[in-house]
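Notes follow the structure.
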Amino acid sequence: MVEQLHRSVPVRLVVTVSIDGPPELNDQLRGIRNNFAHALETFAAVRAILGPENVFVGMTLHAHHGSCGARRRL
């Protein structure tokens, strides 16, 4: 599907694969088992088609315990 879209769209196609933290937290927050692993597989597959300059990983930072964006006490 990505290859077909890439060939048919005459503009730059940029894709962002979104994650919500480390694997266990990401899967818990999304309610989908192995979602983190699937996101990384998708990232690698799409990046192989579109190139590294067109595929990114986006991460949502939040205050959930265990998140990369967890609040720290100062």
Side-chain angles (χ1 to χ4, degrees):
M1 178 179 188
V2 173
E3 288 182 36
Q4 182 182 13
L5 187 60
H6 183 54
R7 284 191 306 262
S8 66
V9 177
V11 295
R12 180 178 179 200
L13 179 62
V14 176
V15 175
T16 301
V17 176
S18 179
I19 59 173
D20 291 319
E24 299 80 20
L25 179 61
N26 180 84
D27 293 357
Q28 176 189 359
L29 291 173
R30 296 205 174 213
I32 303 170
R33 189 176 192 199
N34 296 320
N35 181 258
F36 185 89
H38 186 252
L40 291 185
E41 290 170 9
T42 300
F43 170 79
V46 174
R47 190 173 184 183
I49 296 167
L50 299 180
E53 67 280 359
N54 296 313
V55 184
F56 304 91
V57 171
M59 179 182 245
T60 301
L61 300 177
H62 47 80
H64 189 281
H65 177 70
S67 169
C68 294
R71 294 180 186 166
R72 295 180 299 172
R73 288 188 180 177
L74 300 177

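Below, all heavy atoms of this structure are taken into account, side chains as well, without hydrogens, waters or symmetry copies.
- The two residues G21 and F36 make their nearest non-hydrogen contact at O-CE1, 3.3 Å.
- Tracing side-chain contacts under 4.5 Å through hydrophobic residues (I, L, V, M, F, W, Y), one reaches L5 starting from V17; they form part of the same cluster.
- The side chain to side chain donor-acceptor pair (under 3.5 Å) test applied to S18 returns R30, not counting sequence neighbours.
- Hydrophobic cluster membership is shared by V46 and L40, with clusters built from Ile, Leu, Val, Met, Phe, Trp and Tyr side chains linked at under 4.5 angstrom.
- Remark: L50 CG to F56 CZ distance equals 10.5 Å, nearest 0.5 Å.
- Atoms CD and CD1, on Q4 and I49 in that order, are 11.5 Å from each other to the nearest 0.5 Å.
- Residue R12 qualifies as enclosed at atom CZ: its count of foreign heavy atoms under 6.0 Å is above 12.
- Within a 6.0 Å sphere centred on CD of E53, other residues, nucleotides and ligands contribute more than 12 heavy atoms.
- The backbone N or O of N34 sits less than 3.5 Å from a side-chain atom of D27, completing a donor-acceptor pair.
- Smallest separation of non-hydrogen atoms from I19 and A39: CG2-CB, 4.0 Å.
- Taking OG1 of T42 as the start and CG of N35 as the end, the distance is 8.5 Å to the nearest 0.5 Å.
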